[in-house]
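Contents: one structure, followed by commentary.
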Protein chains: 2
Amino acid sequence: MAAQRGQRNGVGDTPPAPTAAEITTPIPRVAEVPAARDRARAIPEAAVARLAVYLRVLSGMQEQGAGTVSSEELAVAAGVNSAKLRKDLSYIGSYGTRGVGYEVVVLIEEIERILGLTRKHSVAVVGIGNLGHALANYGGFPGRGFPVTALFDVDPDLVGVPVGGIPVDHIDDIPRVCAEREVSIGVIATPPPAAQAVCDRLVEAGVQCILNFAPVVLQVPDHVEVRKVDLAVELQVLSFHVARRADDAAQGDGVAGMGPDLQVNGMVVS
Amino acid sequence: MAAQRGQRNGVGDTPPAPTAAEITTPIPRVAEVPAARDRARAIPEAAVARLAVYLRVLSGMQEQGAGTVSSEELAVAAGVNSAKLRKDLSYIGSYGTRGVGYEVVVLIEEIERILGLTRKHSVAVVGIGNLGHALANYGGFPGRGFPVTALFDVDPDLVGVPVGGIPVDHIDDIPRVCAEREVSIGVIATPPPAAQAVCDRLVEAGVQCILNFAPVVLQVPDHVEVRKVDLAVELQVLSFHVARRADDAAQGDGVAGMGPDLQVNGMVVS
DNA sequence: CCAACTTTGTGCACACGTTCACAAGCGGTA
DNA sequence: TACCGCTTGTGAACGTGTGCACAAAGTTGG
């Protein structure tokens, strides 16, 4: 996935050099806060998403009492190449020990810090239909750190009714309620026609991050970050692969039989 | 976003040249079916996802009685660059008229054909909790073409109960039921610990495409296509952006005040 | 203290995707 | 028919992300 956003202007004009303090580094553990900040800006989006995956895998390992992991172990558990994993981790700093691996606790701490999980992020869900209901009932959202603190809908029958312990407010109250409860992430689970209007109100209320489940391309000012989860697109992409597969089978038939073509690379699957 | 998959081996060893029949092209409208097949294999994943978006936008335009669209119009409606849009469309063929634009109907037809939407794809939902319930109730799934024909759960209290018009079966019946109803797409909405086992059964049942909502890295044989929708990851990526933004504000403070930095590029927002 | 082994961190090359810029082609007009 | 303006389709440059391969660095055993 790839998130669409409202026209990000050319980021090509970044500062020419990273102060060169990066290379010299007289003492091993310098570059405390400021360098970390500089690095944070350079982490590719895809790597950020993977860091979140690593974090979950690491949490699982921690619960099972693992003290350290090698990049190889962590990589197979996360379903990625070990080189990629190491590169991803290098974006946030050098917290591994050569010849040994990474300390699970340290890695968890650092990833959480980079992802901003040390702070709680209030979540508001707008649109309490099937999906909104499900989201609200997650209660505390994935793995805590993202408490759902506000619910909104237009339906007067729903307003006031508590869902998952939180009373539903009317969408007209978005600005007030979001401000009061310091909502930092808005989740849009409304029907398509309502999505843009809801989005506008969230933005107006100062919400800077939006997770959009409505199959609509949202227009937002470019200081707002939008991520989209689009069920229809996911299914259609899968459909494409079904079709491609069917075509391949129909076409490359007379050549090598109908069996799957041989696998050269060693599968890492256990 | 990027979908993880079970190690795709180097596609670098593709046929050396596309038969060179591509370049010469004596007659304008040759390259009927076979070329379309060859092309289909070359469409980048990201482009496929966007084609699905274009399709939705086009459907909306068709309903409003539009006969033709220019790449520019369609691009802004889909929230992308017009050059990118044209390149994406070029992957599926040349169906535009220079100086005019694209015929909406034709484009819809062609995109549907490429995405394999001319055929119906039965969907099975496994795990009828909050989310599974919501998915089952969509009834016919996004925009039809993806009828939900089977539901599964372990809970004996749910088995036999109809949800959204379809009775829930026990997950032990996955192979039989999936075969009977010719399920081609499996949706996993179970708790994390059950996901891999469920996935294995789906694969065993011959399902080749899986949409995974469970926060787990699935291991599948490489003829199976997996797409992942991970709520936790989405939120954590947003959290990262909040943090980055906070850092920026705290750091680049003394320079240009606290207002948003000026926007150079012309916003396309209406 | 040294040598052998292990694993990280990263420079480099490659591949993929995006963007630019323009020739090719079509419709409208005189 | 010839010209003009407009929009497509695409070759080529560019930027980003991925994967390889190896030096750097640490640990363990003698």
Side-chain angles (χ1 to χ4, degrees), chain A residues 1-2 4-5 7-14 18 22-23 25 28-29 31 39 41-51 68-76 79-103 106-107 110 265 268, chain B residues 1-2 4-5 7-14 18 22-23 25 28-29 31 39 41-51 67-76 79-103 106-107 110 265:
Chain A
M1 95 157 282
Q4 50 79 12
R5 71 176 54 81
Q7 240 90 5
R8 165 173 294 181
N9 45 11
V11 201
D13 36 23
T14 24
E22 195 82 0
I23 314 155
T25 51
R29 69 158 61 185
R39 274 213 185 90
R41 200 165 301 134
I43 304 181
E45 188 97 354
V48 174
R50 284 191 299 268
L51 283 174
T68 59
V69 257
S70 70
S71 63
E72 189 60 33
E73 289 177 79
L74 189 51
V76 300
V80 300
N81 182 305
S82 73
K84 192 190 295 191
L85 179 131
R86 286 200 300 277
K87 181 141 287 191
D88 287 346
L89 292 183
S90 80
Y91 290 129
I92 67 174
S94 300
Y95 301 105
T97 307
R98 294 169 191 233
V100 178
Y102 302 88
E103 220 169 313
V106 174
L107 221 46
E110 293 303 326
N265 64 333
V268 201
Chain B
M1 191 169 356
Q4 49 81 8
R5 71 175 54 80
Q7 238 90 2
R8 165 172 294 180
N9 46 10
V11 199
D13 36 24
T14 24
E22 193 82 358
I23 313 156
T25 50
R29 68 157 64 185
R39 274 213 184 90
R41 201 164 303 135
I43 305 181
E45 187 99 353
V48 174
R50 284 191 299 267
L51 283 174
T68 59
V69 258
S70 69
S71 61
E72 188 60 32
E73 289 175 80
L74 189 51
V76 301
V80 300
N81 183 306
S82 74
K84 191 190 295 190
L85 179 131
R86 286 201 300 278
K87 178 136 286 192
D88 287 346
L89 292 183
S90 80
Y91 290 129
I92 67 173
S94 299
Y95 301 104
T97 309
R98 295 169 190 236
V100 180
Y102 302 89
E103 220 168 313
V106 174
L107 221 47
E110 293 303 328
N265 64 333

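Convention: sequence-line order gives letters A, B, ...; per-chain numbering from 1.
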Next on the checklist: The test is side chain to side chain contact (heavy atoms under 4.5 Å, CB included); show your working for A/Tyr102 and A/Thr97 and say whether it passes.
Outcome noted: CA-CA 6 Å; A/Tyr102 302 88; A/Thr97 307; over 6 Å; no
Checklist entry - How close or far is atom C1' of D/dC20 from atom CD of A/Glu72, stated in whole angstroms? => result 14 Å
Checklist entry - Is A/Lys87 side chain donor-acceptor paired with the D/dG19 base, going by distance under 3.5 Å alone? => result yes
Item to check | Residue pair A/Ser82 / A/Glu72, side-chain donor-acceptor N/O under 3.5 Å | outcome: yes
Next on the checklist: Both A/Asp88 and A/Thr97 contact DNA chain D. Which one's nearest nucleotide lies toward the 5' end?
Outcome noted: A/Asp88
Checklist entry - Ignoring hydrogens and angles, does a donor from either the side chain of A/Arg98 or the base of C/dT8 sit under 3.5 Å from an acceptor on the other? => result yes
Checklist entry - Can you tell me if the side-chain N/O atoms of A/Arg86 get under 4.0 Å from OP1 or OP2 in D/dC22? => result no
Next on the checklist: In this structure, how many angstroms lie between the P atom of D/dG19 and the CZ atom of A/Arg50, rounded?
Outcome noted: 8 Å
Checklist entry - Considering only side-chain heavy atoms of A/Val100, which listed nucleotide, C/dC20, D/dT27, D/dG9, is closest? => result D/dT27
Item to check | Length of the line joining A/Glu110:CD and C/dT8:P, which is rounded to integer Å | outcome: 17 Å
Checklist entry - Rounded to whole angstrom units, what separation is found between the CG atom of A/Leu85 and the C1' atom of C/dT7? => result 12 Å
Item to check | Residue-phosphate contact under 4.0 Å: B/Tyr95 side-chain N/O, D/dT7 OP1/OP2 | outcome: no
Checklist entry - Any side-chain N or O of B/Ser71 under 4.0 Å from OP1/OP2 of D/dT8? => result yes
Checklist entry - Just how far is it from atom NZ of B/Lys87 to atom OG of B/Ser71, taken to the nearest 0.5 Å? => result 13.5 Å
Next on the checklist: A/Glu103 vs A/Leu107, test: side chain to side chain contact (heavy atoms under 4.5 Å, CB included). Steps then yes/no.
Outcome noted: CA-CA 6 Å; A/Glu103 220 169 313; A/Leu107 221 46; over 6 Å; no
Item to check | B/Glu45 CD - C/dT18 P separation (whole Å) | outcome: 12 Å
Checklist outcome for this item: Whole-Å distance, B/Lys84 NZ to D/dT16 P, equals 13 Å
Checklist entry - Rounded to the Å, how far apart are A/Tyr102 OH and C/dT7 C1'? => result 8 Å
Checklist entry - Can you tell me if the side-chain N/O atoms of A/Tyr91 get under 4.0 Å from OP1 or OP2 in D/dG17? => result no
Item to check | For B/Arg50, salt bridge (Lys or Arg N to Asp or Glu O under 4.0 Å) partners two or more places apart | outcome: B/Asp88
Checklist outcome for this item: note: B/Leu74, atom CG; D/dG9, atom P; distance rounded to Å ~ 12 Å
